[in-house]
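Below is one structure, written out as structure tokens, with a few remarks after it.
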Amino acid sequence: MAARPQSIIVTALGIAIAILGAVAVPGQGAPTTAPSPEDVPLVAGTMLDRLSRVGQFDALEATGTDSVRSASAACLSAYLLLGGDFAAVARRHEVGATLTPRHLHQLQDALYREANRDSVPGLAASAEPIYDASDSLSDWTMRGGDELHQVLQSLDLTSERLYGPTRATVNRRSERIMARLAEDTTVVFLVGVLLDPESRTLHELPPDVTENHWVIAFWHDNGFQVLDSWRAPGESTRVVWSDETATDMLLDTRNTVYALSRH
């Protein structure tokens with residue numbers, strides 16, 4: 001048999017190498033695609049640090065409740081700040097169990113849709129104080145089917161609606177709030193406020209006006225701080241309240257205030 005010309009052998013070898021180079025071999029230089037920021041697990045920092053990076057707004061096609069799910073976002077943040085297990089609740093609502101921005105938004109959405117039984121945008125809260133014969137606060141009540149409490153129940157959270165001690169001082173909650181903090185510094189407060197969506201500023205509720213936004217307030221670094229989910233993606237949701245703001249928005253206010261804890 002005649003010897004194969006050297007040029008033919010070299011050419012064939014070059015073609016074979018080129019073909020092999022075009023085939024991706026797992027673990028050996030295969031092209032990779034960076035994950036979407038929405039799918040990167042939230043692991044850095046404390047839970048407060050992680051939650052401060054995720055609000056209620058996203059670009060996901062499946063979540064169409066962004067502008068109305070502040071209540072479910074706030075309640076979910078409270079649950080996680082109180083040491084709740086994200087994976088356990090996520091699985092119950094058929095959401096991925098890893099804490100990522102995508103899954104957090106999807107769970108906010110699932111909690112909102114489950115609780116929103118009247119199809120009116122937002123989640124209604126219906127609590128009212130009960131006074132005794134001397135006009136002192138004796139208890140509080142709410143209507144059956146209260147939508148806000150549907151979310152709290154889904155998260156196994158216990159809530160106490162906070163009022164002042166008498167009918168005349170119903171808005172002065174500072175004594176009760178500081179007493180709760182003295183009992184347990186981890187307690188968080190769910191606060192219903194009036195939001196100006198254009199300026200993104202929070203205001204005390206005027207008389208006979210119901211809340212249109214919910215935030216979580218908590219005691220941290222010797223003062224009150226807030227997670228306010230009305231932020232664009234990438235913006236921090238964490239706000240430090242001055243003493244004056246804390247008084248106006250939490251301690252002595254017409255705003256709706258609940259103390260939340262875990263069962």
Are the side chain of [X] and the backbone N or O of [Y] linked by a donor-acceptor pair below 3.5 Å?
X	Y	value
Thr141	Glu128	no
Arg173	Thr253	yes
Ser126	Arg143	yes
Thr65	Val68	no
Asn116	Gly122	yes

| query | Val43: which other cluster members, linking ILVMFWY side chains closer than 4.5 Å, directly or transitively? | reply | none
Is it the case that [X] and [Y] place a side-chain donor and acceptor less than 3.5 Å from each other?
X	Y	value
Asp39	Thr100	no
His149	Ser159	yes
Thr46	Asp49	yes

| message | Check the orientation of His213 and Trp230. Use parallel for under 30°, tilted for 30 to 60°, and perpendicular for over 60°. | response | perpendicular
| message | Salt bridge or not between Arg92 and Glu114? Use side-chain N to carboxylate O under 4.0 Å. | response | no
| Are Arg176 and Glu183 ion-paired here, with the side-chain N under 4.0 Å from a carboxylate O? | yes
Provide the closest heavy-atom pair for [X] versus [Y] in the form atom of the first, atom of the second, distance.
X	Y	answer
Ala127	Tyr258	CB-OH, 3.5 Å
Thr98	Phe86	O-CE2, 3.6 Å
Val188	Ala78	CG2-CB, 3.6 Å
Gln150	Ala115	CB-CB, 3.7 Å
Pro101	Leu42	CD-CG, 3.9 Å
Asp252	Glu204	O-OE2, 4.4 Å

Flag yes if more than 12 heavy atoms outside [X] fall under 6.0 Å of its [atom1] atom; otherwise flag no.
X	atom1	result
Arg262	CZ	yes
Asp243	CG	no
Arg172	CZ	no

| task | Give the intermediate values and the outcome of side chain to side chain contact (heavy atoms under 4.5 Å, CB included) for residues Arg180 and Ser261. | result | CA-CA 10 Å; Arg180 286 300 303 266; Ser261 57; 4.1 Å; yes
What distance separates [X] [atom1] from [Y] [atom2], expressed to the nearest 0.5 Å?
X	Y	atom1	atom2	result
Thr237	Gln56	OG1	CD	10.0 Å
Glu175	Leu162	CD	CG	12.0 Å
Leu152	Leu111	CG	CG	10.0 Å
His93	Leu107	NE2	CG	6.5 Å
Phe189	Asn255	CZ	CG	14.0 Å
Leu227	Ile216	CG	CD1	7.5 Å

| said: side chain to side chain contact (heavy atoms under 4.5 Å, CB included), that's the test. Do Ile177 and Trp219 meet it? Break it down for me. | reply: CA-CA 10 Å; Ile177 287 173; Trp219 184 262; over 6 Å; no
State yes or no: do [X] and [Y] share one hydrophobic cluster built from I, L, V, M, F, W and Y residues joined by side-chain heavy-atom distances below 4.5 Å, directly or via other members?
X	Y	result
Leu181	Phe218	no
Leu82	Val215	no
Trp214	Val191	no
Val226	Met178	yes
Leu250	Val240	no

| Between Leu202 and Leu195, is a side chain to side chain contact (heavy atoms under 4.5 Å, CB included) present by the stated rule, with each step listed? | CA-CA 5 Å; Leu202 307 181; Leu195 168 75; 3.6 Å; yes
| request: Sorted by first residue and then second, give each side-chain hydrogen bond (donor to acceptor under 3.5 Å, both in side chains) pair with at least one member in residues 72-90; sequence neighbours left out. | output: none
| task | Applying side chain to side chain contact (heavy atoms under 4.5 Å, CB included), run through Val54 and Arg50 and close with a yes or a no. | result | CA-CA 7 Å; Val54 184; Arg50 292 176 235 172; over 6 Å; no
| said: Taking side chain to side chain contact (heavy atoms under 4.5 Å, CB included) as the definition, give me every residue that meets it alongside His203, ordered by chain and number, with sequence neighbours left out. | reply: Leu194, Asp196, Thr201
